[in-house]
Amino acid sequence: MKADDIMSRSMDKIVALCKRRGFIFQNSEIYGGQNGFWDYGPLGTELKRNVRDSWYHDMVSAHNELIAPQGAPSSYQMVGVETALIMNPQVWKCSGHYDLFHDMMVDCKATKSRYRLDQMRVRSVSFEGQTVKQDETDVELATVMVTSTAEDFHDDLTSEALRAFGQKKKYADKLQWHGEATTLDQIDVAEFVNVVAPGAQKAGTLTAPREFNLMMKTIIGALGTDDDAAFLRPETAQGIFVNFKNVVDSSRVKLPFGICQVGKSFRNEITPRNFTFRSREFEQMEIEFFCRPDESTGWYTYWRDRRYQWYLGLGVSQDRLILRDHHAEELAHYSVGTADIEYAFPFLDEGEFGELEGIAHRGDFDLRSHMEGKLTKNAAGELEVELNEHGKPKHRGSGKDLTYFDDQAKERFLPHVIEPSAGADRATLAFICEAYHEDKQPDEKGEMQERVVMKFHPRLAPVKAAVFPLIKKEGMPEKAAEIFGALKAAGLSCQFDQQGAIGRRYRRQDEIGTPYCITVDGDTMTDGTVTIRDRDSLKQERISIDKVVEEVTSRLNAS
RNA sequence: GCGGAUGUAGCUCAGUGGUAGAGCACCACGUUGCCAACGUGGCUGUCGAGGGUUCGACUCCCUUCAUCCGCUCCA
């Protein structure tokens, strides 16, 4: 790609086009908007539905369970479910979302930083009678608690202590430590006045801990109180896991098989930003693929590569799409392996990528959690049920047997799960960014004019074809209307336009990414042919009127 | 959540303490007839929202909402 083309691919222009042409609007715009929420306009709705439909078609409807696709360890089945947005709150307790999504945070009034309570190390210290001032009161404190969020917190606590007392590095051994380092969530809030936050000059600059609800809360029942609180799902996956037994019992599926779901999820993102990329309401397209544990690695590799190819097949350039394997330390505690499919969005810096989809090997974590209760990793690195202070499960599982009986091998086990989890809005945004092009085309006088063209893959294009009468008389509009009707009858999304000069009409279609334009002209009236014009090459061919639907359909299918 | 910038017509943007502007787009008529034509005419705004100062506020002040950038966060 040429350098100037990259420069022109700016997010501002893309956002402006999305609004101008009705792809994406700011939610509740007439009231000033709502941060983190977006609406799709007429063309955006078509586009996103095409994304969703392509995914479901390629993953589920068109999947042939009798043959193994290239690269797959064997043949497999794929089925869909559609589960509710709201589930029994115990689902989120066992899945781990409840604990994880209820972070207690403190803010530092001095440094304007925010910290997670359980990640902040703290240790009591004094230095030969020297004092640190307390914020607001200016009381002199001889003993304070210093803090660190660093990985190597022992050294960091030392340098924080020296900084707090205004001492040089060489006096590190004169620090008098009291007790061992602990985390801030173990400290009584009343003691916070003695805590020196990282980088702060005085003690007591931390606010009281506040809960950050990353899951959206709602109330069930007209007289609902907080006891009736429920959560909007933060992911669609759990709807699949809790229905695993239902699907196995009702649909005659045999391992290996996948259960798929497309639907909305909700998260209270701290900082929604970058257009629709990080929204608080978003749509996921998820597969939970269940297989034998000993075959799971092969399936993980298969799905990772298959999903990467899916984006390439829909026109995303390999230059801007990467498949990135997570490092071991990045992996979630339950994951054996995870890879991200990431796209070089225009709002990111050169060399940076944003996640479109994650493919995770989740082992038996999810099914086991819903059987036994919330799991955590023990000292030996093995998963076990997390216990509360009474030695009972912190969050009790369903107690239902979610194992699978393999009647070929005559054995019962918990299947392992491969989870390709894609964002429908992120994919749609990536396809929009990828489609945006500016080029120069000659006008009727031969002068080069700038053209904005959305080069959507024909499967994704919101409008497949447009039909124009060259002029608004001599029977051309009527002829064009017939062709338009035939295309509509064939189920194709198309537009009819007789407004303005022909060149302008072509440009209008270019800007919304319509792959084909059909024009009725003077010759049509004598020989029954029309021109079909290609969006990308601008080439026109004459075809017979009765072949129009066939030609458009075959071009769409060939792409 | 913090700091900075921004918010005026569908879009891109001028503008001044004293009745709101341009270009493009859109609509109508005429002309032209295959890549953003031309002429004539027309439509469009609570100047992001709320409050204050003022005889008078789009303009000055305060609050708030949203967007963008940087920090933070990103399970």
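In what follows, chains carry the letters A, B, and so on, assigned in the order in which the sequence lines appear, proteins first and then strands, with residues in each chain numbered from 1. All values below were derived from every heavy atom in this structure, side-chain atoms included, with hydrogens, water molecules and symmetry-related copies excluded.
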For a salt bridge (charged side-chain N to carboxylate O under 4.0 Å, His left out) with A/Lys264, tell me which candidate from A/Glu235, A/Glu281, A/Glu283 qualifies.
->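 With A/Lys264 as partner, A/Glu235, A/Glu281, A/Glu283 yield a single salt bridge (charged side-chain N to carboxylate O under 4.0 Å, His left out), made by A/Glu281.
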
Report which part of the nucleic acid A/Glu29 touches: base, sugar-phosphate, or nothing (heavy-atom distance under 4.0 Å, all strands).
->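 The residue A/Glu29 makes no contact with any strand.
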
Would you mind classifying the nucleic acid contact of A/Phe275 as base, sugar-phosphate or nothing, using non-hydrogen atoms under 4.0 angstrom?
->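 Sugar-phosphate contact only - A/Phe275 comes under 4.0 Å of backbone atoms but never of a base.
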
With ring pair (Phe, Tyr, Trp, His ring centres under 6.0 Å) as the test, would you mind laying out the steps for A/Phe345 and A/Phe347 before giving the verdict?
-> CA-CA 5 Å; A/Phe345 284 100; A/Phe347 51 75; 5.0 Å; yes

Looking at [Y], I'd like to know if the NZ or CZ of [X] sits under 6.0 Å from its six-membered ring centre while staying within 45 degrees of the ring's axis.
{"X": "A/Arg535", "Y": "A/Tyr516", "answer": "no"}
{"X": "A/Lys93", "Y": "A/Tyr98", "answer": "yes"}
{"X": "A/Arg320", "Y": "A/Tyr343", "answer": "no"}

For A/Trp303, all residues meeting ring-ring contact (aromatic ring centres under 6.0 Å, His included), sequence neighbours excluded =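 A/Trp303 satisfies ring-ring contact (aromatic ring centres under 6.0 Å, His included) with A/Tyr76, A/Phe289 once adjacent residues are dropped.
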
Whole-Å distance separating the CD atom of A/Glu352 from the P atom of B/C74 =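 From A/Glu352 CD to B/C74 P: 16 Å.
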
What is the distance from CG of A/Leu470 to P of B/A37, rounded to the nearest Å?
->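 So the CG-P distance, A/Leu470 to B/A37, works out to 14 Å.
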
Step by step, would you call A/Tyr506 with A/Phe468 a ring pair (Phe, Tyr, Trp, His ring centres under 6.0 Å)?
-> CA-CA 9 Å; A/Tyr506 284 140; A/Phe468 310 141; 5.5 Å; yes

Where are the stems of RNA chain B, defined as at least 3 consecutive Watson-Crick or wobble G-U pairs with both distances under 3.5 Å?
->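 Detected stem regions: B:1-7 with B:65-71, B:10-13 with B:21-24, B:26-30 with B:38-42, B:48-52 with B:60-64.
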
B/G33 OP1/OP2 closer than 4.0 Å to side-chain N/O of A/Arg505 |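 No, A/Arg505 has no side-chain N/O under 4.0 Å of OP1/OP2 on B/G33.
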
Can you find a side chain N or O atom of A/Lys19 that sits less than 4.0 Å from OP1 or OP2 on B/G10?
->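 For A/Lys19, the contact criterion (side-chain N or O under 4.0 Å from OP1 or OP2 of B/G10) is not met.
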
Which residue lies more 5' along RNA chain B, comparing A/Asn35 with A/Gly500 via nearest heavy atoms |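 Mapping each residue to its closest nucleotide by heavy atoms, the 5'-most match is A/Gly500.
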
Output yes when a side-chain donor or acceptor of A/Arg121 lies under 3.5 Å from a complementary backbone atom of A/Leu157, and no otherwise.
->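 Flag not set: sc A/Arg121 to bb A/Leu157 has no pair under 3.5 Å.
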
Selection: residues 233-241 of chain A, any non-hydrogen atom under 4.0 Å of RNA chain B =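 Nucleic-acid contacts, sorted: none.
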
